[in-house]
Amino acid sequence: MATEAGSPGRPAIPEAVADLLAALNAAGHSAYIVGGCLRDSLMGRAPADWDLTTDARPDRIQSIFPRSLYENRFGTVVVRHRGTQYEITTFRRDATYSDHRHPDAIEFGQSIEEDLARRDFTVNAMAWGAHSVNDASGVSGGAVSGGVPGVASVPNDARLVDPHDGRGDLERHLLRAVGDPDRRFNEDALRMIRAVRLAATLQFDVESETLASIARNAPLAAHLSGERICSELLKLLAAERPSIGLRLMAETGLLAVIAPDLDRQRGIPQNKIAGEDLWDHTIRTVDATPNRPVVRLAALLHDVGKPDTISDGPFHGHEAIGAAMAAKYLSELHAPREFQESVAHLVRLHMFNYGAGWSDAAVRRFVRKVTPDGVEDLLALRAADNKGSGQPPETGGLPELAARIRTELASGFVLGRGQLEVDGNDLMVDLGLPRGPILGSILDYLTERVVSEPALNVKPVLLDLARERILELQLVENRDR
Ligand code: ATP
Ligand code: MG
């Protein structure tokens, strides 16, 4: 994407963003880029998204950008320009908070300084752009003809607005609350989770007063919705080294509030790496996984069942208990349903025991059980689990298993119902079976047989096998009657 050149104090911004700022300025409004995108571009990182703020009210923003999409209750208008969506939000001011998570009302602010004062951390509380003479006066220019001009440049009087020394904290690699941390975390407890999340994604330290305040206020995180925690947790897990944030979570007491079952891993001995407990093993495992949300979540939760199975042999069956706990936890967080299912599946299967003695049929049965889509994640989880245990990642013959799985997948052997030479319709027409669950159960049986023995995948053979199976099922039914 084309960018205007950056220079000290002048962030490199995409032309499309410069267009939007210029259009707002031309209409007589102040306009700034603000928050995470400014922080990231000053650090030379690519921002995830670009947020703009202005004194223009939402209806006014919509008239300046006729192609804007919608406005939400936070005063945000989404504008699509050059193929990307941008959020433009009217200045807001700090309102009162009585539930530790939402302001009681959204109030528009009069100035950029007021807007910055309500933001969470100093490095997130900077703005860069141009002030308008009409700012706060209510006077404004006309709509820009044809919407956003194709070519525009940000006025030369664009400046960095930084009332809380975010620039200094950026250089010091520090996350410092804007204003009194106790007050800010009381207003919105999510800011504490954001602090540990940003510490991991930016590899910054949390400034000591801010950190002490998190430790004092951690219990307030109990007021947060699962959705908001989940979204920060996923961002934390997407950091290069999630352990930075996870460790802070544990040390401040946030973990005990938002994931008590993981907090119980602390202090549980593991004879894996000397001096490290089960929680240390978990976070090492998370760091060792590839950066994909499902594998990272599975690594975080893979041993969540261990504290409950300490006396069973020890940890016997922890993967089954852990899978159920992982599913429950992710559903409480309202994580996407496919994450809940895939993560629980990986946790349930992570203790598989490969040996060179496995037949090709055993490899195929393994792929079928794990599902072809899940094998890569399961092997990655197990390799990370090895590293988290202080062992080489390939321990347990993983590269050999991976190679054999690739061979089976490439050879197109039957791994699912869809590849069988008969379908439910054939069973109804040729064998007179009624529509219903019996069809699925017969097809599953046939699939298992063919996975073990590919030569059976011929229509007449399959129909014979199906007939035998039906007789067997009838015998069992008569016996049980
Ligand atoms: P990322 O790079 O992951 O998007 P971000 O800091 O941009 O990080 P966003 O959730 O996109 O995070 O929020 C954008 C900005 O809004 C933040 O930089 C901050 O200024 C402000 N902000 C977000 N959440 C809060 C909050 N709970 N309290 C105060 N300010 C917040
Ligand atoms: Mg952002």
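Indexing begins at 1, ligand by ligand and atom by atom, following the structure's order. The residues of the chain are indexed from 1 along the displayed sequence.
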In terms of residue, atom name and distance, what is the protein heavy atom nearest to [atom]?
atom	answer
atom 30 (N) of ligand 1	Asp120 N, 3.2 Å
atom 14 (C) of ligand 1	Asp51 OD2, 3.9 Å
atom 27 (N) of ligand 1	Asp188 OD2, 2.9 Å
atom 16 (O) of ligand 1	Arg119 NH1, 3.4 Å
atom 18 (O) of ligand 1	Gly36 N, 3.0 Å
atom 3 (O) of ligand 1	Arg197 NH1, 2.8 Å

- Answer yes if the side chains of His223 and Asp99 hold a donor-acceptor pair under 3.5 Å, and no otherwise. no
- Message: For Thr89 and Thr53, which I'm curious about, is there any donor-acceptor pair between the side chains at under 3.5 Å?
- Response: no
- Message: Any nitrogen or oxygen of Asn124, side chain or backbone, less than 3.5 Å from one on ligand 1?
- Response: yes
- Message: Can you tell me how the ring of His302 sits relative to the ring of His350, calling it parallel under 30°, perpendicular over 60° and tilted otherwise?
- Response: perpendicular
Below 4.5 Å, heavy atoms only, C-beta onward: do [X] and [Y] meet side chain to side chain?
X	Y	answer
Asp280	Gln265	no
Trp279	Asp263	no
Leu42	Leu38	yes

- State whether Phe121 and Arg191 meet the cation-pi test: NZ (Lys) or CZ (Arg) under 6.0 Å from the six-membered ring centroid, and within 45° of the perpendicular axis. no
- Message: Using heavy-atom distances only, which candidate in Arg101, Arg194, Arg118, Arg184 approaches atom 23 (C) of ligand 1 most closely?
- Response: Arg194
- Item | Option nearest atom 28 (N) of ligand 1 (shortest heavy-atom distance, choices Arg191, Arg39, His102) | Arg191
- Numbered atoms and elements of ligand 1 in range of Asp40, under 4.0 angstrom, heavy atoms: 2 (O)
- Message: Could you identify the N, O or S atom of Asp49 positioned closest to the Mg ion (ligand 2)?
- Response: OD1
- Query: With no hydrogens and no angle check, is any side-chain donor or acceptor of His318 less than 3.5 Å from a backbone partner on Asp303?
  - Reply: no
- Does Leu190 have a heavy atom less than 4.0 Å from any atom of ligand 1? no
